[in-house]
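A, B, ... follow the sequence lines: proteins, then strands. Residue 1 opens every chain.
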Amino acid sequence: MKNAKIAEIFETIAGLLEMKGEKIFTVRAYQRAARTIERLPVELDQLVAANADLREIPGIGKAISEKIVEMVGTSQLRYYDSLRAEFPEGILELMHVPGLGPKLTMRAWKELGVTNLDQLESSIHEGTLESLPRMGKKAAENILRHIRFARSEASRIPIARAMPVTETLIADLRAKCASIKTLLAGGSLRRFEETVGDIDLICTSTEPNEVLNALVDMPAVVEVLGHGDTKASVILEDGIQVDLRVVDESHLGALLVYFTGNKQHNIQLRDHANKLGLSINEYGITEIETGEVEEYGDEESLYRRLGLQFIPVELRQGVWEIDAAREASLPDLVTEKDLRGDLHLHTDWSDGRDPLELMVAAARDRGLEYFAITDHSVGRGIANGLSPERIRSQNAELRRIADTMDGPRVLLGTEMDIRADGSLDFPDEVLADLDWVVASVHSAMDQDSVTITERIIKAMRNPHVSAIGHPSTRRIGERQPIDADFEALFRAAADTGTAMEINSNPERMDLKDTHVYRARELGVPLVIDTDAHTVEAMENVRYGVAIARRGWCAPRHIINTMPSAEFMAYLGLPKQDRVWALSENAQPGSH
DNA sequence: GCCGTTTTCGGCCCGACTGTTTTCAGTCG
């Protein structure tokens with residue numbers, strides 16, 4: 001059984017226990033375990049097979065580790081089965097209706113016999129739901145509106161969709177409200193999660209009401225969920241929820257901390273503060289004994305007050321970053337300005353939009369020291385892939401442009417298909433003339449795990465294949481990743497000296513963060529590319545950098561942070577020796 | 001259920017908002 005399934009079962013157990021009225025701390029323990037397992041960089045079944053002690057994982061103790069072992073060994077969990085048997089089928093979808101929590105769900109079931117969405121809807125129309133204690137007409141009507149939401153299985157929004165909406169929203173609010181000092185996205189968007197549940201906006205202003213009113217009055221708002229003195233929640237016409245929180249400038253640091261970390265991070269941070277005799281809220285830190293309140297205008301000083309290193313936003317996931325910050329062992333994460341090259345770019349020779357000259361000029365203007373033009377290979381007929389003849393004429397053209405240009409080093413490259421049988425789209429003699437070869441899977445993505453894993457490893461064994469492009473081939477919210485054994489891929493990549501790409505396209509974000517984390521631990525050479533098909537798409541590098549940071553990568557883990565001369569020397573080495581060259585100064589951390 | 005430079009037992013994050021109530025329970029993030 002895989003981590004995702006195990007996490008889902010613990011999440012369900014938490015929900016059922018909550019309805020049952022179990023101690024809230026037991027519920028939270030299961031929730032915490034679910035979150036941790038979701039983000040674990042290794043599969044639990046492999047840990048169990050290796051006889052590892054699962055209780056070393058934070059939030060996992062005796063009871064939960066025993067349940068994991070049972071699930072891995074027998075593909076089921078007796079405790080879970082018997083717990084589910086106590087509830088009618090479909091009751092969980094009731095609890096997931098916004099506004100219906102565990103208490104109301106239980107009362108609706110026990111007192112009204114409501115066990116699914118249809119019956120809930122009828123009970124509201126018939127007026128029975130509002131007869132429950134502490135319910136009323138208005139509360140019932142609110143729930144009715146939210147049933148529609150629950151039915152549509154309100155899925156999380158890909159960051160590629162949420163980011164432009166947010167940027168427009170911020171620009172609009174700024175234009176309307178002169179009182180705004182700071183306005184930026186918090187929450188999962190600021191942490192660069194691949195999907196977001198809603199858009200959290202953090203604001204400081206001398207006139208909170210001006211900003212809150214401006215949000216609820218925006219034409220794109222179809223529903224106001226809440227509107228108070230410091231916060232407002234709305235739903236936009238495209239179904240995205242926006243939460244806005246406004247405080248005074250003097251509280252900005254505390255608000256940023258409060259509104260950026262995920263739930264687990266915030267809980268652990270406040271727990272850590274409590275042990276120091278301090279209490280954190282969105283306005284500052286309170287000395288519990290004296291009641292004295294300290295204000296924080298920036299995040300750095302707040303973390304410092306807690307005896308912690310500053311924790312970069314991408315790491316605030318409630319895993320082990322607070323422990324690392326206490327020991328001052330957080331890595332010095334890679335930044336956008338550490339990157340000196342982009343090794344995956346397309347032009348209108350294949351399926352890019354812009355001509356070679358424009359892409360080359362844009363790469364130069366971005367200050368890159370080196371870059372590779374990597375149009376598709378002939379097998380991508382639909383993408384106008386290049387034949388060996390065309391790739392030769394493109395390279396002649398590229399050399400001509402490079403000669404007239406002062407500055408960056410231009411690498412001759414390709415993004416070549418790995419065919420279904422693991423053979424490559426170009427013969428070795430064509431590849432031998434190229435400086436940089438990205439090999440990618442673009443077809444037969446539904447092969448079984450063994451087949452597709454061997455297929456990619458076979459490509460890695462070719463001495464000319466420099467990197468594997470967008471290794472999982474997923475498109476967030478649209479296409480599932482291939483069913484490869486990534487642990488095996490990473491070991492093969494480290495073994496053969498093949499780089500694994502961190503593709504910055506926000507629809508891909510591939511490798512993803514937890515894979516990057518594991519690949520780094522195994523000493524895999526990593527390369528951050530944009531895979532830009534237009535000049536503008538080179539901006540996407542920020543997404544790639546964010547994934548690397550979420551995988552705890554320092555510059556030394558990313559090969560295109562090397563200066564040009566060093567990078568060319570690296571490429572000049574036989575592949576096997578490249579790993580060695582990188583790992584010489586690489587010290588993959590214990591975390 | 002987990003966990004320990006205050007604990008192997010007794011704690012466990014914190015506040016805003018709503019709709020129902022006349023002081024607060026439930027939900028949410």
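A perpendicular orientation is assigned to the rings of A:Y543 and A:F192, their planes being inclined by more than 60° (bins at 30° and 60°). Classification of the A:Y30-A:Y79 ring pair by plane angle, with boundaries at 30° and 60°, yields parallel.
Contact annotation for A:R55: no contact, since no heavy-atom pair falls under 4.0 Å across all strands. As judged by a 4.0 angstrom heavy-atom cut-off over every strand, A:Y283 is placed among residues touching the sugar-phosphate backbone only. A:E282 comes within 4.0 angstrom of sugar-phosphate atoms only, judged by non-hydrogen atoms across all strands, and of no base. No contact: A:I24 has no heavy atom under 4.0 Å from any strand. Note on A:I280: only backbone sugar-phosphate atoms sit closer than 4.0 angstrom, heavy atoms only; bases stay farther off. Residue A:P133 is out of contact with every strand shown, counting any heavy-atom pair closer than 4.0 Å. A:T26 comes within 4.0 angstrom of a nucleotide base, judged by non-hydrogen atoms across all strands. Among the protein residues, A:N281 comes within range of the sugar-phosphate backbone only, with heavy atoms under 4.0 Å from sugar or phosphate atoms but none that close to a base.
Protein atom NZ of A:K263 is 6 Å distant from nucleotide atom C1' of B:dG29, rounded to whole Å. When the P atom of B:dC3 is taken as reference, atom NE2 of A:H272 falls 17 Å away, rounded to whole Å. Here the C1' atom of nucleotide B:dG26 and the CE atom of A:M106 are 15 Å apart, to the nearest Å. Here B:dG1 presents its C1' atom at 12 Å from NZ of A:K62, a figure rounded to the nearest Å. One atom, CG of A:L54, and another, P of B:dG1, lie 17 Å apart when rounded to the nearest Å. Per the geometry, CE belonging to A:M95 stands 11 Å off C1' belonging to B:dT27, to the nearest Å. For the pair A:K103 NZ and B:dT20 P, the interatomic distance rounds to 18 Å; values are reported in whole Å. When the P atom of B:dA25 is taken as reference, atom CZ of A:R107 falls 12 Å away, rounded to whole Å.
Residues A:R32 and A:N142 both approach DNA chain B. Their nearest nucleotides, taken by heavy-atom distance, put A:R32 toward the 5′ side. If A:Q268 and A:Q241 are placed on DNA chain B by their nearest nucleotide, the residue sitting closer to the 5' end is A:Q268.
With B:dC24, B:dT27, B:dG1 as the candidates, the nucleotide lying closest to the side chain of A:L104 is B:dT27. The listed nucleotides are B:dC2, B:dG29, B:dC12; the one nearest the side chain of A:A63 is B:dC2. With B:dT18, B:dG1, B:dG29 as the candidates, the nucleotide lying closest to the side chain of A:H227 is B:dT18. Here the side chain of A:R245 is nearest to one of B:dG29, B:dA16, B:dG1, namely B:dA16.
Look at A:R190 and A:E299 and you find a salt bridge, because one of the NZ, NE, NH1 or NH2 atoms lies within 4.0 Å of a carboxylate O, short of that distance. Salt-bridge annotation for A:R475 and A:E507: present, with a side-chain N of the basic residue lying under 4.0 Å from a carboxylate O of the acidic one. A salt bridge is defined here as a Lys NZ or Arg NE, NH1 or NH2 lying under 4.0 Å from an Asp or Glu carboxylate O, and A:R84 with A:E89 fails to meet this definition. Note on A:E194 versus A:R474: salt bridge recorded, some NZ/NE/NH1/NH2 to OD/OE distance being below 4.0 Å. Salt-bridge check for A:E141 with A:R145: failed, with every basic side-chain N at 4.0 Å or more from each acidic carboxylate O.
Rounded to a whole angstrom, the distance from the P atom of B:dT8 to that of B:dC3 is 16 Å. Taking atom C1' in both B:dG26 and B:dT20, the straight-line distance is 10 Å, to the nearest Å. Separating the P atom of B:dT21 from that of B:dT27 is a span of 15 Å, rounded to the nearest Å. The gap from the P atom of B:dG11 to that of B:dT7 amounts to 13 Å, rounded to the nearest Å. B:dC12 and B:dC17 are spaced 26 Å apart, taking the P atom of each and rounding to whole Å.
Judged purely by atom type and a 3.5 angstrom limit, A:N3 uses its side chain to pair as donor or acceptor with the backbone of A:L44.
Judged by Watson-Crick or G-U wobble contacts below 3.5 Å, the nucleotide B:dA25 has B:dT18 as its partner.
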Scan nucleotides 5-7 of chain B against the protein and return all N/O pairs shorter than 3.5 Å with their distances rounded to 0.1 Å.
none

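Legend: residues meeting salt bridge (Lys or Arg N to Asp or Glu O under 4.0 Å) with A:R174, ordered by chain and number and at least two apart, are absent.
Residue A:R134 places a side-chain atom within donor-acceptor reach of the base of B:dC24, judged by atom type and a 3.5 Å distance cut-off alone.
Here A:S279 reaches the OP1 or OP2 of B:dC14: one of its side-chain N or O atoms lies under 4.0 Å away.
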